[in-house]
Amino acid sequence: MYAIVLGAAAGGGFPQWNSNAPGCNRARSGDPAAPARTQASLAVSGNGKDWYLLNASPDLREQLNATPELHPKTGLRSTPIRGVILTGGDVDAIAGLLTLREREPFTIHATARILGILDANPVFEVLARDCVERRPLTLGTPVELAGGLTLELFAVPGKVPLYMEQGSGMQPLVADETTVAAMLTDGTRRLFYIPGCAAMTDDLLARIEGADVLLFDGTLWADDEMVRAGVGAKTGQRMGHMSMSGPQGAIATLAGATIGQRCFIHINNTNPVLLADSPERAQAEQAGWTICHDGMRITL
Ligand code: MLT
Ligand code: MN
């Protein structure tokens, strides 16, 4: 089974277009310790020929151009991309679908809730329905994909997409079809893609136990990081993202789990782990975590 990190950053990317913060300016200036990252997406394949995208980020066109495995291989028009699997409805997960217009057949796999969001937005009709199938998946029910992979979605704590929030306060956390984890297996190895997760639960811990590869929500280092950096009022909890550090964070709550390779993805532009020379990067790596970068390849 093969995986390629197409993008490792959270919504907005790194650098984010309107950020004049030191980290983003280091990325803009080409500092080798602060390499730019596009918005989170992963490509997976069971056979190296048939590929699936985990989310379609607004940077998808650039990501595809940078990834030879995903270039057309036959005829004048074709793609090795068999489908797109959606783990949520945020802009950074769905906007790249618009890049995939041009009447090329593939399948969108998502929960009925997320497909409902696409159905309600007529702009997605550019993916003609006689060409691009929208296949609803039931949580906890595995489905077979091309190339020998099986996919299962399950709920993780999260909130509605940013543009569907009601009011400006804390949004209710739900564990339903809104924010999901994707588990992919070739029958032997298991990979989990979880770019958004608001809290660790016993159910999630039990599912992840024994994973070969985990790609997990690395949005923030600390819950109040954006507030302290002076770039916004929102905490990680408010955004539906648990942080890396702290007693309730991913590093601590997953410390006892058996996982082959644990990686952070969907990393916000304010997160100091993006800087190779930061103490937080050293701390995360010392705890056994890999900080994903664009183009990173994993064979499992
Ligand atoms: C998130 O992960 O919180 C969203 O991508 C936010 C956004 O759409 O900017
Ligand atoms: Mn996001």
Side-chain angles (χ1 to χ4, degrees), residues 4-42 55-67 88 90-96 98-99 161-163 165 168 195-197 215-246 249-251 262-287 289-297:
I4 306 171
V5 174
L6 301 180
F14 180 64
Q16 179 174 297
W17 73 282
N18 64 343
S19 172
N20 198 23
C24 285
N25 282 329
R26 284 181 66 180
R28 250 178 228 118
S29 72
D31 182 337
R37 284 167 167 84
T38 60
Q39 295 166 82
S41 179
L42 189 78
N55 294 334
S57 101
D59 299 320
L60 184 57
R61 182 175 176 279
E62 176 186 345
Q63 294 168 344
L64 295 183
N65 282 336
T67 311
D90 265 313
V91 168
D92 60 343
I94 64 172
L98 301 175
T99 295
L162 181 58
Y163 55 86
E165 290 186 356
S168 58
C197 182
L215 295 121
F216 196 75
D217 185 342
T219 309
L220 300 179
W221 174 257
D223 191 55
D224 61 352
E225 160 184 321
M226 289 174 56
V227 183
R228 279 193 289 117
V231 298
K234 283 185 184 175
T235 61
Q237 275 307 295
R238 170 66 187 81
M239 295 191 296
H241 295 288
M242 60 189 287
S243 49
M244 294 181 176
S245 69
I251 293 175
R262 56 187 77 200
C263 311
F264 281 121
I265 196 162
H266 191 278
I267 306 162
N268 196 52
N269 65 85
T270 54
N271 191 327
V273 303
L274 288 169
L275 308 172
D277 51 10
S278 71
E280 292 86 355
R281 163 71 76 89
Q283 214 175 310
E285 288 180 346
Q286 218 154 29
W289 287 82
T290 299
I291 306 303
C292 285
H293 60 267
D294 292 18
M296 179 176 142
R297 281 159 171 78

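- Here the side chains of M226 and T235 are not in contact, with every heavy-atom distance at 4.5 Å or above.
- Counting only heavy atoms from C-beta outward, the side chains of H241 and C197 never approach each other to under 4.5 Å.
- Within a 6.0 Å sphere centred on CZ of R297, heavy atoms belonging to other residues, nucleotides or ligands number more than 12.
- Nearest heavy-atom pair across M242 and Q237 is CA-NE2, 4.2 Å.
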Between S41 and Q63, does a side-chain contact (heavy atoms from CB on, under 4.5 Å) hold up when you go through it step by step?
CA-CA 9 Å; S41 179; Q63 294 168 344; 3.9 Å; yes

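- At least one donor-acceptor pair under 3.5 Å links the side chain of S19 to the backbone N or O of A21.
- Residues N271 and M244 form a side-chain contact, since some pair of their non-hydrogen atoms from C-beta on lies under 4.5 Å apart.
- Between W221 and I267 there is no side-chain heavy-atom pair separated by less than 4.5 Å.
- Not a single donor-acceptor pair under 3.5 Å links the side chain of N269 to the backbone N or O of Q16.
- How far CG of L60 is from CG of L98: 10.0 Å, rounded to the nearest 0.5 Å.
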Without placing hydrogens or testing angles, list every side-chain donor-acceptor pair under 3.5 Å for residues 5-15, not counting sequence neighbours.
none

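- Counting heavy atoms from C-beta on, the side chains of V273 and F264 never come closer than 4.5 Å.
- Between A33 and P35, the closest heavy-atom pair is C-CD, 3.4 Å.
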The test is side-chain contact (heavy atoms from CB on, under 4.5 Å); show your working for T290 and E285 and say whether it passes.
CA-CA 6 Å; T290 299; E285 288 180 346; over 6 Å; no

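- Residues N55 and D92 have side chains that never bring a donor and an acceptor to within less than 3.5 angstrom of each other.
- From L42, atom CG reaches atom NE2 of H266 across 13.5 Å, with rounding to the nearest 0.5 Å.
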Mind running side-chain contact (heavy atoms from CB on, under 4.5 Å) on M296 and I291 for me, showing each step along the way?
CA-CA 10 Å; M296 179 176 142; I291 306 303; over 6 Å; no

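- Nearest heavy-atom pair, A93 versus G88, reported as atom, atom and distance to 0.1 Å: CB-O, 3.8 Å.
- Between T38 and E62 the shortest side-chain heavy-atom distance falls below 4.5 Å.
- When all heavy atoms are compared, the tightest approach of V227 to A233 is CG2-O, 3.6 Å.
- Taking both residues in full, the closest heavy atoms of A287 and I251 are given as CB-CG2, 3.6 Å, listed atom of the first, atom of the second, then distance.
- For the pair E225 and S243, the minimum side-chain heavy-atom distance is 4.5 Å or more.
- Under 3.5 Å, the side chains of D59 and Q39 contain a donor-acceptor pair of N or O atoms.
- R28 meets the salt bridge (Lys or Arg N to Asp or Glu O under 4.0 Å) test with no other residue; sequence neighbours excluded.
- The pair E165-R238 meets the salt-bridge criterion, with a side-chain N (NZ, NE, NH1 or NH2) lying under 4.0 Å from an Asp/Glu carboxylate O.
- Every salt bridge (Lys or Arg N to Asp or Glu O under 4.0 Å) that R26 has, sequence neighbours left out, goes to D31, D277.
- With hydrogens and angles ignored, the 3.5 Å screen pairs a side-chain donor or acceptor of S278 with a backbone N or O of P272.
- The distance from atom CG of D223 to atom CE of M239, rounded to the nearest 0.5 Å, is 8.0 Å.
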Evaluate the criterion side-chain contact (heavy atoms from CB on, under 4.5 Å) for residue pair I4 and T67; output intermediate values, then yes/no.
CA-CA 9 Å; I4 306 171; T67 311; 3.8 Å; yes

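- The aromatic rings of F216 and W289 are tilted relative to each other, their planes meeting at an angle between 30° and 60°.
- A distance of 8.5 Å separates CG of L274 from SG of C24, quoted to the nearest 0.5 Å.
- Two residues are said to be in side-chain contact when any heavy atoms from C-beta on lie closer than 4.5 Å; I265 and C292 meet this criterion.
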